[in-house]
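To start, the structure itself, in structure tokens.
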Protein chains: 2
Amino acid sequence: MTKEYSIGQMSRRTGVKVTTIRYYESRGLIPSPGRTQGGQRRYDEAALERLAFLRHARELGFNLDDIAELMALAETPSEDCAPAYEIARKQLAAVDRRMTILAQLREELARMANADDPGHAGKCRVIEVLGDHRLCIGSHDLSDSRADLSGS
Amino acid sequence: MTKEYSIGQMSRRTGVKVTTIRYYESRGLIPSPGRTQGGQRRYDEAALERLAFLRHARELGFNLDDIAELMALAETPSEDCAPAYEIARKQLAAVDRRMTILAQLREELARMANADDPGHAGKCRVIEVLGDHRLCIGSHDLSDSRADLSGS
DNA sequence: CTTGAACCTACAGCCGCTGTAGATTGTATC
DNA sequence: GATACAATCTACAGCGGCTGTAGGTTCAAG
């Protein structure tokens, strides 16, 4: 009789929220587990490992499609590690791009936020800078220039 | 007779997409403009300035609620610049946090992606690392640890 | 048996967009 | 004026990755 976990236990052990675990199941990232007579999910050790893998990959910013691929690779012993490396390198490149952009944004924000002269004649420097679009950083292609800071 | 702009002209002049301009209008960030007899939007110079301000602020990662506040401040001449500074500093702090986290993520990814030994016995290093959650960076509170790289 | 936490599904929303179907308008050219 | 085509319109839905809640059931401890 192998050890079983409820969804709450899975959540507490991996740090992935219950609603998120259900979401991952709906996305096919984790298999639907067996159920109790009453309909409650019961997971095994393998499912726990899989969820932990998923969580770790999410932490590193891999998107769910790439994670699905990595998981498939993990379950298919193969001599070819190229696909996994491709995915990891792609993510590394994206992190590098993001870091470059954030550094630029930081400069402008620092200028704006740390101005000694907060403003004059009813016009704040923050507002002035934002109103002066010669100070815009990017081209009109904004897809990578926004300092999106959301965690999810 | 002041100069008028169609929504497409607004888009080309500011780099904000037509659908996004409509979205901003629905969110109340820009006022609904006058219309032609046929129902097409016609904007004035002031609207163009406002949209440019909005775009610049988005570029810097300010969220729409904060931008709405900044725009209200811009339109209300006041001696008090504290609210604008507060918003700017909050954003600066968020950028700093994100940069710190990205640096950490970068380290781990680099380790993973640049390994000289790509893997052995059918087990890739990338996969191994992801499966070893002792290498996780963060606590179980992931809200700021994900390397979200999306531009929007 | 009772109680209350944990669990279930269905549905909707967050944030900031973004696209598309089907229809109308505006403008340039003939 | 007629034609052609790009531009514009609204309504609706979707992206990515979650996240919450209403209303109901199950599980486990006392």
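Below, chain A is the first sequence line, B the second, and so on; all start at residue 1. All values below were derived from every heavy atom in this structure, side-chain atoms included, with hydrogens, water molecules and symmetry-related copies excluded.
Ion pairing of A:R27 with A:D65 is present here, as a side-chain N (NZ or NE/NH1/NH2) and a carboxylate O approach within less than 4.0 Å. By the 4.0 Å N-to-carboxylate-O rule, B:E59 lies close enough to B:R55 to be salt-bridged with it.
Positionally, the nearest nucleotide of DNA chain C for B:D65 lies more toward the 5' end than for the other of B:D65 and B:G39. Nearer to the 5' terminus of DNA chain D, by closest-nucleotide assignment, is the contact made by A:R27 (compared with the other of A:R27 and A:T36).
C:dC15 atom P lies 9 Å from atom CG of B:L64, rounded to whole Å. B:R58 places its CZ atom 9 Å from the C1' atom of C:dC15, with the value rounded to the nearest Å. If you take CD of B:E59 and C1' of C:dC17, they are 16 Å apart, rounded to a whole angstrom. Between A:Y24 atom OH and D:dG16 atom C1' there is a gap of 11 Å when expressed in whole angstrom units. B:E25 has its CD atom 11 Å from the C1' atom of D:dC9, to the nearest Å. Across the protein-nucleic acid pair, B:R41 atom CZ and D:dT8 atom C1' stand 9 Å apart, rounded to whole Å. If you measure from atom CD of B:Q40 to atom P of C:dA23, you get 18 Å, rounded to the nearest angstrom. We find that CD1 of A:I7 is positioned 13 Å from P of C:dA6, with the value rounded to whole Å.
A search for side-chain contact (heavy atoms from CB on, under 4.5 Å) contacts involving A:A47 returns A:M10, A:Y43, A:D44, not counting sequence neighbours.
Distance from the side chain of A:T19 is smallest for D:dG20 among the nucleotides D:dT26, D:dC9, D:dG20. Looking at the side chain of B:T20, the nearest of the listed nucleotides C:dC17, D:dT10, C:dG26 is C:dC17. The side chain of B:R35 sits closest to D:dC9 out of C:dC8, C:dT27, D:dC9. Residue A:R42 has its side chain nearest to D:dA28 when only C:dG19, C:dG26, D:dA28 are considered.
A distance-only check finds no donor-acceptor pair linking the side chain of A:Q91 to the backbone of B:L109 [under 3.5 Å].
For the pair A:S6 and C:dC7, the criterion of a side-chain N or O lying under 4.0 Å from OP1 or OP2 is met.
Each of B:L64, B:V18, B:V16, B:I30 was checked for a side-chain contact (heavy atoms from CB on, under 4.5 Å) with B:Y23, and the lone residue meeting it is B:L64.
Looking at heavy-atom distances under 4.0 Å, A:R22 makes contact with a base.
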